[in-house]
Amino acid sequence: MGTSVVIGGTAGLGRFIAARHAGRGDTVIIAGRDAGKAATAARELGANVTGIAVDLARPQTIADSLKTVESVDRLVITAAFQKPNTLEDFDVEEAVVAVTTKLVGYTETIRVLRDRFTPYASVVIFGGLAKERPYPGSTMITTFNSAITGLIKTLAVEIAPHRVNALHPALVADSPRWAGTDLGHMAARTPIGRLITMEEVADAADFLLDNGAMNAHDLYVDGGVLAR
């Protein structure tokens, strides 16, 4: 047990990971852009969960937003702005929000919390498979997920002896993001014959958080998609 901080923990994979940590007795702090949604999600997840508002797209506000966090054993950052943005209809403001959230916001969060890391604290930040498999409209998504690799390598040096790793999931079949979407064509292209699950992504996150030998690694959780 310990204190887990999940930035992006109000929905999707972040919420699933937060629920897992809360279920095993951790003190959990979840953060999202909206204070009300964070508070509601925290109440739903249990008495040992607190919700706070943190907007990674406004990095100058992060330090103040995290001032109530006293200690950190595990830090997971899943928050992202991943709306497709094509060159033909390029939205500069959305591009700035996307890159700021993923790179400046992630970095500032780790900087702010570093002095509150316990001796064995570790960090997992999320990228995505668009890093290796671009698609139409993924220019910014592919770019910032590729930059995650450079980020973990430099952070591993800067926050040593604490560890930091990146997790890059493929499409997650049971994620709320894909609810009601026919993903059969994607499952057929995956060597295991199905898409990955939130449970499997959470297992991978726990592995990176708890295995003391894992540091500055990109872990692809994709069912073998990159083998084809």
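Counting begins at 1 with the first residue of the sequence. The figures here come from the full heavy-atom set of this structure, side chains too, leaving out hydrogens, waters and symmetry mates.
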A.B. asks: With distance as the sole test, does R116 use its side chain to make a donor-acceptor pair with the main-chain N or O of V69 at under 3.5 Å?
C.D. replies: yes
A.B. asks: Assess whether a salt bridge exists between D210 and R74, defined as any Lys/Arg side-chain N lying under 4.0 Å from an Asp/Glu carboxylate O.
C.D. replies: yes
A.B. asks: Please list, chain by chain and in numerical order, all residues satisfying ring-ring contact (aromatic ring centres under 6.0 Å, His included) with H162, sequence neighbours excluded.
C.D. replies: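 Residues passing ring-ring contact (aromatic ring centres under 6.0 Å, His included) with H162: F117.
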A.B. asks: If I take atom OG1 from residue T109 and atom CG from residue L56, how far apart are they, to the nearest 0.5 angstrom?
C.D. replies: 4.5 Å
A.B. asks: Please give me the minimum heavy-atom distance between A205 and L167, naming the atom from each residue.
C.D. replies: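 For A205 and L167, the tightest heavy-atom pair comes out as N-CD1, 3.4 Å.
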A.B. asks: Could you walk me through whether V49 and E44 satisfy the side chain to side chain contact (heavy atoms under 4.5 Å, CB included) test, starting with their C-alpha distance in whole Å, then the side-chain angles of each, then the deciding distance to 0.1 Å, before giving a yes or no?
C.D. replies: CA-CA 9 Å; V49 182; E44 292 171 350; over 6 Å; no
A.B. asks: So, for T61 and R58, which heavy atoms are closest and what is the spacing to 0.1 Å?
C.D. replies: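 Here T61 and R58 meet closest at OG1-O, 2.7 Å.
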A.B. asks: Going by the rule salt bridge (charged side-chain N to carboxylate O under 4.0 Å, His left out), which residues pair with D55 if we only count those two or more places apart in sequence or in a different chain?
C.D. replies: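 Testing D55 for salt bridge (charged side-chain N to carboxylate O under 4.0 Å, His left out), a comparison that skips the adjacent residues, returns none.
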A.B. asks: Under the side chain to side chain contact (heavy atoms under 4.5 Å, CB included) criterion, do T101 and R33 qualify, and how do the steps go?
C.D. replies: CA-CA 11 Å; T101 295; R33 288 190 298 269; 5.9 Å; no
A.B. asks: Looking at every non-hydrogen atom in both residues, tell me the closest pair between A156 and N215 and how far apart they are.
C.D. replies: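 For A156 versus N215, the nearest heavy atoms are CB-OD1, 3.8 Å.
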A.B. asks: Nearest 0.5 Å please: distance from the CD atom of E70 over to the CG atom of L113.
C.D. replies: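 One finds 12.5 Å between CD of E70 and CG of L113.
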A.B. asks: Keeping the roles fixed (side chain from R163, backbone from A213), state whether a donor-acceptor pair exists under 3.5 Å.
C.D. replies: no
A.B. asks: Going hydrophobic residue to hydrophobic residue with side-chain gaps under 4.5 angstrom, can you get from I77 over to I159?
C.D. replies: yes
A.B. asks: How far does CZ of R15 sit from CG of L45, to the nearest 0.5 angstrom?
C.D. replies: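 CG of L45 is found 4.5 Å from CZ of R15.
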A.B. asks: I need the Q60 CD to T100 OG1 distance, nearest 0.5 Å.
C.D. replies: 9.5 Å
A.B. asks: Are V104 and L151 linked, directly or through intermediate hydrophobic residues, by side-chain heavy-atom contacts shorter than 4.5 Å (ILVMFWY only)?
C.D. replies: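 Different clusters.
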A.B. asks: May I ask you to decide if E158's main-chain N or O and R114's side chain share a donor-acceptor pair within less than 3.5 Å?
C.D. replies: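 Such a contact is found between R114 side chain and E158 backbone.
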A.B. asks: Which ring-ring contact (aromatic ring centres under 6.0 Å, His included) pairs, counting each pair once, include a residue from residues 59-110, with sequence neighbours left out?
C.D. replies: none
A.B. asks: Out of I7, I125, V72, which residue meets the side-chain contact (heavy atoms from CB on, under 4.5 Å) rule with I110?
C.D. replies: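 That would be I125; it is the only one of I7, I125, V72 passing the side-chain contact (heavy atoms from CB on, under 4.5 Å) with I110.
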A.B. asks: Going from OG on S175 to CG on L195, what distance comes out if it is rounded to the nearest 0.5 angstrom?
C.D. replies: 11.0 Å
A.B. asks: Say whether, by atom type as modelled, one donor and one acceptor occur between the side chain of T78 and the main chain of G8 under 3.5 angstrom.
C.D. replies: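 Flag set: sc T78 to bb G8 pair under 3.5 Å.
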A.B. asks: I'd like to know if the side chain of D222 reaches the main chain of A170, judged simply by a donor and an acceptor atom lying under 3.5 Å from each other, with no hydrogens or angles considered.
C.D. replies: no
A.B. asks: Using only atom types and a distance under 3.5 Å, with no angle test, would you say the side chain of T142 pairs donor to acceptor with the backbone of A130?
C.D. replies: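 Yes.
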A.B. asks: Is there a path of hydrophobic side-chain contacts, each under 4.5 Å between heavy atoms of I/L/V/M/F/W/Y residues, joining V112 to L75?
C.D. replies: yes
A.B. asks: Rounded to the nearest 0.5 Å, what's the gap from CD1 on I62 to CD on E108? Could you check?
C.D. replies: 5.5 Å
A.B. asks: Just by modelled atom types, is the A121 backbone N or O under 3.5 Å from a matching donor or acceptor in the D73 side chain?
C.D. replies: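 It does not hold such a pair.
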A.B. asks: L66 vs I52, test: side chain to side chain contact (heavy atoms under 4.5 Å, CB included). Steps then yes/no.
C.D. replies: CA-CA 8 Å; L66 293 172; I52 60 175; 3.9 Å; yes
A.B. asks: For I196 versus G223, what's the shortest heavy-atom pair and its separation?
C.D. replies: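 For I196 and G223, the tightest heavy-atom pair comes out as CG2-N, 3.8 Å.
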A.B. asks: Supply the members, apart from V225, of the Ile/Leu/Val/Met/Phe/Trp/Tyr cluster built from side-chain contacts under 4.5 Å; use none for a lone residue.
C.D. replies: L129, Y220, L226
A.B. asks: Pick from V172, I17, D203: which one makes a side-chain contact (heavy atoms from CB on, under 4.5 Å) with M198?
C.D. replies: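 That would be V172.
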A.B. asks: How would you list all residue pairs meeting side-chain hydrogen bond (donor to acceptor under 3.5 Å, both in side chains) that involve residues 180-190, not counting sequence neighbours?
C.D. replies: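 As it turns out, there is no side-chain hydrogen bond (donor to acceptor under 3.5 Å, both in side chains) pair with a partner in residues 180-190 once direct neighbours are skipped.
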A.B. asks: Would you call Q82 and R177 a side-chain contact if the rule is heavy atoms closer than 4.5 Å?
C.D. replies: yes
A.B. asks: Evaluate side chain to side chain contact (heavy atoms under 4.5 Å, CB included) for I141 paired with Y135, printing each intermediate quantity in order.
C.D. replies: CA-CA 10 Å; I141 299 169; Y135 54 86; 3.4 Å; yes
A.B. asks: Work out which heavy atom in P169 is nearest to a heavy atom in G127; give both atom names and the distance.
C.D. replies: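 Heavy atoms of P169 and G127 come nearest at CD-O, 3.9 Å.
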A.B. asks: Enumerate the residue pairs fulfilling side-chain hydrogen bond (donor to acceptor under 3.5 Å, both in side chains) with a member in residues 143-153, sequence neighbours excluded, ordered by first and then second residue.
C.D. replies: K131-T149, T149-D218
A.B. asks: Test side chain to side chain donor-acceptor pair (under 3.5 Å) on T197 and D174 and set out the steps.
C.D. replies: CA-CA 6 Å; T197 67; D174 56 348; 5.0 Å; no
A.B. asks: Side-chain contact test, heavy atoms from C-beta onward, threshold under 4.5 Å: evaluate it for M140 versus K83 and give yes or no.
C.D. replies: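 Side-chain contact under 4.5 Å: no.
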A.B. asks: Do F16 and L171 belong together in a cluster built from hydrophobic side chains that touch within less than 4.5 Å?
C.D. replies: no
A.B. asks: Are any side-chain N or O atoms of S122 and backbone N or O atoms of L209, one a donor and one an acceptor, separated by less than 3.5 Å?
C.D. replies: yes
A.B. asks: Can you find a pair of side-chain heavy atoms, one from N211 and one from H217, that are under 4.5 Å apart?
C.D. replies: no
A.B. asks: Considering only heavy atoms from C-beta outward, does the side chain of L219 approach that of F207 to under 4.5 Å?
C.D. replies: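 Sidechains of F207 and L219: in contact.
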A.B. asks: If you look at every heavy atom in P176 and G12, which pair is closest and at what distance?
C.D. replies: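 Between these two residues, the closest heavy atoms are CD-CA, 4.1 Å.
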A.B. asks: For residues V76 and F126, determine if any side-chain heavy atom of one lies less than 4.5 Å from a side-chain heavy atom of the other.
C.D. replies: yes
A.B. asks: Starting from V92, can I reach L103 by hopping between I/L/V/M/F/W/Y residues whose side chains sit under 4.5 Å apart?
C.D. replies: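 Yes, L103 connects to V92 through the hydrophobic network.
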